[in-house]
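Only a predicted model underlies this, so the values are computations on that prediction, with no experimental measurement involved.
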Amino acid sequence: MKSVLPVLTIVAFILGFWTLAVVPMNIHLAADQAARGDIVVEPADARARQEVGAFALALGNPAVIPMTYTLDRPRLPGPQQVVVELWNTIFAVAPTSNRSLIYHGWVTLSATLLGFGMGTALGIALAVGIVFSRTMDLSVMPWAIASQTIPILALAPMIIVVMGAIGIQGLLPKAIISAYLSFFPVVVGMVKGLRSPDTMQLDLLRTYSAGPAQGFWKLRLPASVPYLFASLKIGISASLVGAIVGELPTGARAGFGARMLVGDQYGQPLVTWAALFAAAITAAALVGLFALLERVTLKRMGMAA
């Protein structure tokens, strides 16, 4: 309970701030809608209302404030509107429907998992090479760090266009973008983990005439497991972001990114916000799954209570 209370406090603060922010963000739209519905709004002139500050307009028209939470196309949806939209697009439609976030979530998740697997495999391989090869340490690691300075929003369209030119479309380009974002945390974490055994432990292995391969399997790899799981939790979130970003420049018809594009292009902010929160919930579930696997694995290895 003590560990949950701080989280709930922060969530309550965010929800409270969000709820209060809805009024100034939407008050001008609500006032215009109220005036069109023959409700008296001060000032009466539409242009004059646009020149009045949001708080002044709200104070002068308290009856309009409830309307800021029920607009069909608000600038900032209220929390209850996002929850209703999530319910309608997850539970109130068939999972195979084009409106279902479960359907769109699976499209994004498939690219996420494929890219995450590719990025994890690449990251572990590079980390092993960096730890055991001085040449790779001096050559590969700087390039791996430099690769993360390239904005993914600039790189993603390039990957999509180049792969499309050679006839590769669909899942693989998005997976490559996901792998690009997820491999770096794995590289850094695994390098740190493989180098975590201290000098005394390494000297003990040499005393027993253990070779590099035995030292890797018996000491370095087990010691790197906590670092690996920490990296995997970061990498899976980054991989999901990569899959969504990969859907944006392609005009994709399915996936969380596609739903966000639909909301932006057709002026449906509730669609955009629902897809955004669905993506956040998916990321939290994936991180939670890896946290559970970490707890079980470390406990079986005798490294956790």
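- Other residues, nucleotides and ligands contribute more than 12 heavy atoms inside 6.0 Å of the CH2 atom of W18.
- Hydrophobic clustering keeps V84 apart from V22 (ILVMFWY residues linked when any side-chain heavy atoms are closer than 4.5 Å, directly or through intermediates).
- A chain of hydrophobic side-chain contacts below 4.5 Å, direct or via other Ile, Leu, Val, Met, Phe, Trp or Tyr residues, connects I176 to L171.
- Scanning both residues, V287 and I236, for their nearest heavy atoms gives CG2-CG2, 4.1 Å.
- Linking ILVMFWY residues whenever their side-chain heavy atoms come closer than 4.5 Å, directly or via other members, places I166 and L155 in the same cluster.
- By the rule that hydrophobic residues join a cluster once side-chain heavy atoms approach within less than 4.5 Å of another member, V245 and I234 end up as members of separate clusters.
- Among pairs with a residue in residues 214-234, those fulfilling salt bridge (Lys or Arg N to Asp or Glu O under 4.0 Å) read K233-E294, at least two apart in sequence or across chains.
- Nearest heavy-atom pair across G189 and S231 is CA-OG, 3.0 Å.
- If you run side-chain contact (heavy atoms from CB on, under 4.5 Å) between L57 and each of I27, I65, V23, only I27 comes through.
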Let me check something: any side-chain donor-acceptor pairs from residues 267-286 under 3.5 Å, sequence neighbours excluded? List them with distances.
unit_1, atom_1, unit_2, atom_2, d
T272, OG1, M260, O, 3.4
T272, OG1, D264, N, 3.4
T272, OG1, D264, OD1, 3.4
T282, OG1, A278, O, 2.8

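- With sequence neighbours excluded, the residues satisfying side-chain hydrogen bond (donor to acceptor under 3.5 Å, both in side chains) with R195 are D137.
- Looking only at distances, a side-chain donor or acceptor of N26 sits under 3.5 Å from a matching main-chain atom of L76.
- The backbone N or O of N98 sits less than 3.5 Å from a side-chain atom of H104, completing a donor-acceptor pair.
- At least one side-chain heavy atom of M136 sits less than 4.5 Å from a side-chain heavy atom of L126.
- Across all their heavy atoms, Q81 and P74 have their closest contact at OE1-CG, 4.0 Å.
- Using a 30° and 60° split on the angle between ring planes, F91 and W87 fall in the tilted class, from 30° to 60°.
- A side-chain donor-acceptor contact under 3.5 Å links Q80 to the backbone of Y69.
- Of all the heavy atoms in I152 and I177, the pair that sits closest is CD1-CG2, 3.7 Å.
- Under a hydrophobic-cluster definition in which Ile, Leu, Val, Met, Phe, Trp and Tyr are linked whenever side-chain heavy atoms come within less than 4.5 Å, directly or via other members, Y103 and L261 are assigned to different clusters.
- Of all heavy-atom pairs spanning G119 and S182, the tightest one is CA-OG, 3.7 Å.
- Rounding to the nearest 0.5 angstrom, the gap separating the CD1 atom in I14 from the OG1 atom in T19 is 11.5 Å.
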For this session: Begin with the C-alpha distance, continue with both residues' side-chain angles, and end with the deciding distance and a verdict on side chain to side chain contact (heavy atoms under 4.5 Å, CB included) for Q33 and V64.
Result: CA-CA 9 Å; Q33 181 174 306; V64 179; over 6 Å; no
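- Using a distance-only test at 3.5 Å, with no hydrogens or angles considered, no donor-acceptor pair links the side chain of T120 to the main chain of G117.
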For this session: Applying side chain to side chain contact (heavy atoms under 4.5 Å, CB included), run through S147 and Y180 and close with a yes or a no.
Result: CA-CA 9 Å; S147 70; Y180 171 80; 4.1 Å; yes
For this session: Given side chain to side chain contact (heavy atoms under 4.5 Å, CB included), test L5 with T9 step by step and report yes or no.
Result: CA-CA 6 Å; L5 185 60; T9 302; 4.2 Å; yes
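- Applying the salt bridge (Lys or Arg N to Asp or Glu O under 4.0 Å) test to pairs two or more places apart or on separate chains, none has a residue in residues 60-87.
- Identified under the salt bridge (Lys or Arg N to Asp or Glu O under 4.0 Å) test for residues 105-130, with sequence neighbours left out: none.
- Atom CZ of F132 sits in a crowded spot, with more than 12 heavy atoms from other residues, nucleotides or ligands closer than 6.0 Å.
- A heavy-atom distance below 4.5 Å is found between the side chains of L86 and L101.
- One distance of note links CZ of F17 with CG of L20; it measures 8.0 Å at 0.5 Å rounding.
- For the atom pair CZ of F229 and OG1 of T297, the computed distance is 3.5 Å after rounding to the nearest 0.5 Å.
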For this session: Take Y227 and M190, measure what side chain to side chain contact (heavy atoms under 4.5 Å, CB included) needs, and give me the verdict at the end.
Result: CA-CA 6 Å; Y227 298 88; M190 279 299 290; over 6 Å; no
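- Nearest approach of T112 to A243, heavy atoms of both residues: OG1-CB, 3.4 Å.
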For this session: Begin from the C-alpha positions of F183 and F116 and carry the test ring-ring contact (aromatic ring centres under 6.0 Å, His included) through to its verdict.
Result: CA-CA 8 Å; F183 92 95; F116 176 71; over 10 Å; no
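- Through side-chain heavy atoms spaced under 4.5 Å, either directly or across other Ile, Leu, Val, Met, Phe, Trp or Tyr residues, L29 is tied to L71.
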